[in-house]
Number of protein chains: 4
Amino acid sequence: MAGRTWLQQATPITFGLKAAGWLDALERSARRLRSRADEALVLQFGGASGTLAALGTDGPAVAEALAARLGLGVPAMPWHGHRDRLAAVACAMGLVCGTAGKIARDVALLGQTEVGEAFEAPAEGRGGSSTMPHKRNPVHASVALAAAARAPGLVATMLTAMPQEHERGLGGWQAEWETLPELIRLTAGAARATADALDGLAVDPVRMRGNLDLSHGLAMSESIAMALAPLVGKSQAHTLIERASRQAHVERRPLAEVLAEDPGVTRLIGRDEIARRLVPENYLGAARLFVDRVLAAHQRRRDTNG
Amino acid sequence: MAGRTWLQQATPITFGLKAAGWLDALERSARRLRSRADEALVLQFGGASGTLAALGTDGPAVAEALAARLGLGVPAMPWHGHRDRLAAVACAMGLVCGTAGKIARDVALLGQTEVGEAFEAPAEGRGGSSTMPHKRNPVHASVALAAAARAPGLVATMLTAMPQEHERGLGGWQAEWETLPELIRLTAGAARATADALDGLAVDPVRMRGNLDLSHGLAMSESIAMALAPLVGKSQAHTLIERASRQAHVERRPLAEVLAEDPGVTRLIGRDEIARRLVPENYLGAARLFVDRVLAAHQRRRDTNG
Amino acid sequence: MAGRTWLQQATPITFGLKAAGWLDALERSARRLRSRADEALVLQFGGASGTLAALGTDGPAVAEALAARLGLGVPAMPWHGHRDRLAAVACAMGLVCGTAGKIARDVALLGQTEVGEAFEAPAEGRGGSSTMPHKRNPVHASVALAAAARAPGLVATMLTAMPQEHERGLGGWQAEWETLPELIRLTAGAARATADALDGLAVDPVRMRGNLDLSHGLAMSESIAMALAPLVGKSQAHTLIERASRQAHVERRPLAEVLAEDPGVTRLIGRDEIARRLVPENYLGAARLFVDRVLAAHQRRRDTNG
Amino acid sequence: MAGRTWLQQATPITFGLKAAGWLDALERSARRLRSRADEALVLQFGGASGTLAALGTDGPAVAEALAARLGLGVPAMPWHGHRDRLAAVACAMGLVCGTAGKIARDVALLGQTEVGEAFEAPAEGRGGSSTMPHKRNPVHASVALAAAARAPGLVATMLTAMPQEHERGLGGWQAEWETLPELIRLTAGAARATADALDGLAVDPVRMRGNLDLSHGLAMSESIAMALAPLVGKSQAHTLIERASRQAHVERRPLAEVLAEDPGVTRLIGRDEIARRLVPENYLGAARLFVDRVLAAHQRRRDTNG
């Protein structure tokens, strides 16, 4: 399929590489969530001002017992006025939503009527129109994108609330009460929506391949340039390709054709070689290796976490 | 000194406990920064679409060599379209600013004309007024608080920018260019300002002690309640204390005096005991233990990091 | 051209209607900017605490004279501690950036390789690739979208900074210093980029028309449904259209063909009528009227403002 | 009472001036809310793509009738893809919350145990402690401050959501659904809390006056400087005041006393004049005028709005 930069077709990639990028990012999200949760799952128990004075000399022992009962860690000291642990959890949630939004954006763009390369599996009773069956609204993607649009503001609120007054703050503390639960709810929804968007994603390889021809081979010009550069130098290779590309673009003809007519090119590489190099499948670089690496890391993580 | 909740005096703490809370939070900030930096210091090198196709079969080897030269890790695959590593760095910065702001807020509040418990060391040519020498403006604290007010918006921008299109985004990518450097600059400034505010902080223990008397001992009522509860039950203890506290508050007399006149109380605990329990220094709970724990953890971290 | 909802083709619109929507929103942006600026262009002059006491009884007169000299209004009282006027200006800027981003998003999506309906005029030396002339990177749109991604965080900072302490705040005040100028700079850039993206926008009406055929007429099914409903009731009309639409979708045939073969339909409306109703140009509703209204309002505004 | 800048006492103000500043800002908030609401209360009615094609030629007439029925204005064209009207309402809400937070911050700081100048009327069953009756927790202020901490993130979300795709967006649109109602709810709560905090605010003029003496008259040094400047020039006046102020500060003696012992001062202005000028009540500048202006504007607005 086409790699796309600035919403314009660039050199080709495989769908597998795009999906591997999604998986790789989800793995990082999961790792961050676990790490931030570990850090936050510590007891907060300090009494009115954080000294446990009301418990006389029993304070620390009671704290230990309480933490054990709750399955929480025991911090060095009570932390009521320092909200960084919770804000860090919020950040990890925000990062999950951002990655969910990135995947959703890709899925939604691939499913545009004019692109048609991948579609969400239709949800029961949602996302379609009975009289417009060509419409395959990316409803799961919209949920993830909405979460990605909302999470930054909620994370910002948690960070804004951090400078709280003395041993118990005023306003900042209360601002967390609805914000963190909402953010957790939103993140869970984004994770669910991402899974729903990808489960049963309908991929159309014919359309992916067909769209590559929309540029008449121009997206493949780098491949020829790389072949010419060792023979005539980068600068001259560039000049040759630029000329042919402009001609192909203006005349709306395949780049292969234009190149094959240019003696300045054909004296350097044959027409078969030109044709071969303009086949997108022959210009995928390390895509397969990258996919394998991501899958291997994923498998290792699954093996480790049981 | 007074512990303070909702900007009102509560049970006493030590200044050491407050400062230990600051140190504990700074340690967490430093740990997070290192962890996020480790995660982000990986090579991004993928060519136009992330396949390294222009390098033929040499792509991965070139990537390895380049990463080695730059002292960066090699990721499983190029990550140009996935910005979570950078957004996670931004989050860690935001958390540092939040903690700096929390410390600064405490310092600024302690230095109010009416509180007068701690002041920033005057900066050369700043923060004072030649004709109003009583004014000791917390200029370093203001820098940290400004950073804490600005960082959340910048972090939000980095999160907002995450859902980028395909292999290279449009708008989101560009939004990072000025935001992340500004956030790093801001965080460095907040860290510097925090150090400046705390280096040579002028602490006034006499004023700290004096302010504790502003409530006529009412902030210590919990101490008496805890002594009475085992003798007459929590409910009856509460009733006795509530009555005496209201009387002391209305008559603006020391709680000790009122309690000492109340036979319902003095038949349970003697006047000496009442007096002893109303001394703030006798009601500090585990404050010292908590300080020791934080200092020990700090020392361990310093030993480990060389 | 296709109207598009959820990134899927829906019923047709005209390009003029889309552009009128852009203009209408820009008019609102301009109106808001002027209104907020008027509100904010008032003198702030109050001395140390806002009483002008240092000027004895001359304070108000000096304030009047100063405001006159600066071309500013005179407020009822000094407002150093109340930052709402500046925050309101920031909001107006944020709204401009949001509208610029909306227009830029539309432009960038229209210019995708697979859509190809409208392109930014190439900027000198930017946005193109000499060897990939099919690539017409929407560079101006990216500037506007980046501004739209960054502005919300900066606006949030200005709002966050509002609750400032007493007669001059600490941290909040300082947080404004770099934020508001940056936001103004960003807004000016977004406005410039919007103008650059639209000046000389290359519109491809052939491609717009061609893309409408991608759905084989299914995007026009509503048009037939509206014709059938008065004849057989909404429910029966819906059933007929749904059946035909599914068939056309599955068999990848034009909806017109399928309908023309369905006696249940042709006994109600003739083939010519079916064909006529499936022509997008015949199903544009009030598009022209709406465009005229927006243009008239624009002209009125220009006439008024000279 | 003391004017306060950087949380330090500066030259005196009246409590009326502070309250007038609150009122003035609330008036602006109310005006903005009404103006934004007027702008937003227009019909959105456009059918699938905004052309009203499904209504044939009746679209505009139906829109007029619908708007009339709903009491809404009729816009130049449907605006489903342009969200600026709603985002502008969100901004106005954010500004209300910011002003509520500013007032609440002042109230909370005035009510600190060590300041004691003004307290919220105790809410039934909230804000107090039966055994710590000196504690008068500013519970209403905390609600307003929490709203002021949360609103900026929600406003940012509404702005972030603005660049929506084509005729109906994906993600951005959905992000508004919970955000705007939450923001409205929050703003209503902040308005209510502000009213509750100010209704029956207990003001302690004795404490206000007493706190002015905490600086031993140093906060009044500007008053003497202004008297000396016309007699010996600004520079010399400054030198005299600076010397006396430092001496008063170091020796913790009243500035009046130190000045009265300085022949360099007393040859210029007599001891009575020194004493008179150091009385805070004599150094209030235009405070009363400013209060009258704000009240007059408030009355005009009430008269106008019925």
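Every chain is numbered from 1, with letters handed out A, B, ... down the list of sequences. The structure displayed is predicted, hence computed values, not measured ones.
Using a 4.5 Å cut-off between heavy atoms, D:Ala219 contacts chain B through both its backbone and its side chain.
Not counting sequence neighbours, the partners of D:Glu273 by the salt bridge (Lys or Arg N to Asp or Glu O under 4.0 Å) test are D:Arg276, D:Arg277. For the salt bridge (Lys or Arg N to Asp or Glu O under 4.0 Å) test, residues two or more places apart in sequence or in another chain that qualify with D:Lys102 are D:Asp106. Applying the side chain to side chain contact (heavy atoms under 4.5 Å, CB included) rule to D:Gln247 yields the partners D:Glu251, D:Arg253, D:Val258; only residues at least two apart in sequence or on another chain are considered.
For residues 207-217 of chain B, a heavy-atom distance under 4.5 Å to chain D picks out B:Asn211, B:Leu214, B:Ser215, given by residue number.
For the 3.5 Å distance criterion, the side chains of B:Thr5 and D:Lys135 qualify, holding a donor opposite an acceptor.
The only member of D:Glu114, D:Gln112, D:Gln8 that meets side-chain hydrogen bond (donor to acceptor under 3.5 Å, both in side chains) when paired with B:Gln112 is D:Gln112.
For the pair D:Leu109 and D:Leu7, the minimum side-chain heavy-atom distance is below 4.5 Å.
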